[in-house]
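Take a look at the structure below.
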Amino acid sequence: GKNSGNNFDAWRTKLLVFDKTLLKEAISDIGNYYNISIGLKAGEEPAMGSTTITARFNNQPLQAVLDELSMISTYRISRIDDTHYEISIK
């Protein structure tokens, strides 16, 4: 299969690059890179569905990435446990 997006080799480049990327695609890439799961809060996905982000992360700690993502998107990111996070509208 064809690798989609810029981040299929992020594990090698240590770089995650998003350019007007859909939030749901971005959180999938971030989740894969950091080996965690980030979900959109049930019932709020439609409102967040068209949100895009533009950002560049260079091997930053997960928390720094989540903080920046929250700032860019204006959404809240809650930690559920060590490997699960949820994005909700503030």
Side-chain angles (χ1 to χ4, degrees):
K2 177 179 145 329
N3 287 312
S4 60
N6 300 322
N7 296 310
F8 65 90
D9 60 349
W11 58 273
R12 190 173 54 76
T13 62
K14 305 277 190 278
L15 203 59
L16 286 167
V17 181
F18 303 110
D19 182 20
K20 299 186 193 71
T21 305
L22 282 170
L23 178 64
K24 56 178 179 266
E25 289 174 19
I27 61 177
S28 172
D29 284 352
I30 292 167
N32 288 338
Y33 184 82
Y34 289 96
N35 210 21
I36 57 162
S37 165
I38 308 173
L40 300 178
K41 186 172 181 180
E44 294 186 357
E45 301 106 317
M48 294 187 260
S50 59
T51 301
T52 62
I53 64 157
T54 297
R56 186 183 175 94
F57 302 114
N58 192 352
N59 204 27
Q60 281 154 267
L62 173 61
Q63 194 54 56
V65 171
L66 296 177
D67 289 346
E68 193 165 331
L69 195 60
S70 177
M71 203 171 65
I72 296 166
S73 67
T74 73
Y75 298 141
R76 183 171 35 174
I77 303 178
S78 310
R79 178 181 172 279
I80 295 164
D81 60 39
D82 281 349
T83 55
H84 295 86
Y85 293 80
E86 183 179 72
I87 300 184
S88 56
I89 297 166
K90 281 181 177 163

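Since the structure is predicted, the reported quantities are computational estimates derived from the model, not experimental observations.
By the 6.0 Å contact criterion, CG on N58 is enclosed, its count of non-hydrogen atoms from other residues, nucleotides or ligands being greater than 12. The environment of CZ in R56 is sparse: at most 12 heavy-atom neighbours from other residues, nucleotides or ligands sit within 6.0 Å.
Taken to the nearest 0.5 Å, the NZ atom of K90 stands 6.5 Å off from the OG1 atom of T74. In this structure, CG on L22 lies 8.0 Å from OG on S50, to the nearest 0.5 angstrom. Rounding to the nearest 0.5 angstrom, the gap separating the OG1 atom in T51 from the OH atom in Y75 is 2.5 Å. Atoms CG and NZ, from D9 and K14 in turn, are 11.0 Å apart once rounded to the nearest 0.5 Å. Taken to the nearest 0.5 Å, the CD1 atom of I77 stands 4.5 Å off from the CD1 atom of I87.
Side-chain contact check for N7 versus F18: some heavy-atom pair is nearer than 4.5 Å. Considering only heavy atoms from C-beta on, M48 stays 4.5 Å or farther from S73 through its side chain. Looking only at side-chain heavy atoms (C-beta outward), Q63 and D67 come within less than 4.5 Å of each other.
Here the shortest heavy-atom pairing between G49 and K24 reads O-NZ, 3.5 Å. In plain terms, the two heavy atoms of K20 and T54 that are nearest each other are N-OG1, 2.9 Å. Contact between V65 and I30 at its shortest, heavy atoms only, is CG1-CD1, 4.0 Å. When every heavy atom of A47 is checked against every heavy atom of I89, the shortest pair comes out as CB-CD1, 3.5 Å. The minimum heavy-atom distance linking A26 with I53 is given by the pair CB-CD1, 3.6 Å.
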Evaluate the side chain to side chain contact (heavy atoms under 4.5 Å, CB included) criterion for residues L23 and L69: first the C-alpha distance (whole Å), next the side-chain angles of each, then the deciding distance (0.1 Å), finally the verdict.
CA-CA 9 Å; L23 178 64; L69 195 60; 4.2 Å; yes

Pair S78, K41 - check side chain to side chain contact (heavy atoms under 4.5 Å, CB included), show working.
CA-CA 10 Å; S78 310; K41 186 172 181 180; over 6 Å; no

So Y33 and N59, side chain to side chain contact (heavy atoms under 4.5 Å, CB included) or not? Walk me through it.
CA-CA 9 Å; Y33 184 82; N59 204 27; 2.9 Å; yes

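At least one donor-acceptor pair under 3.5 Å links the side chain of T21 to the backbone N or O of D19. For E45 (side chain) and G43 (main-chain N/O), a donor-acceptor pair under 3.5 Å exists by modelled atom type. Counting only distance, with no hydrogens or angles, the side chain of S37 and the backbone of H84 share no donor-acceptor pair below 3.5 Å.
Follow the hydrophobic side-chain contacts under 4.5 Å out from I38 and you never reach V17; the two are in separate clusters.
Tested against Y34 for a side chain to side chain contact (heavy atoms under 4.5 Å, CB included), the candidates L66, T83, D29, L16 yield a single pass: L16.
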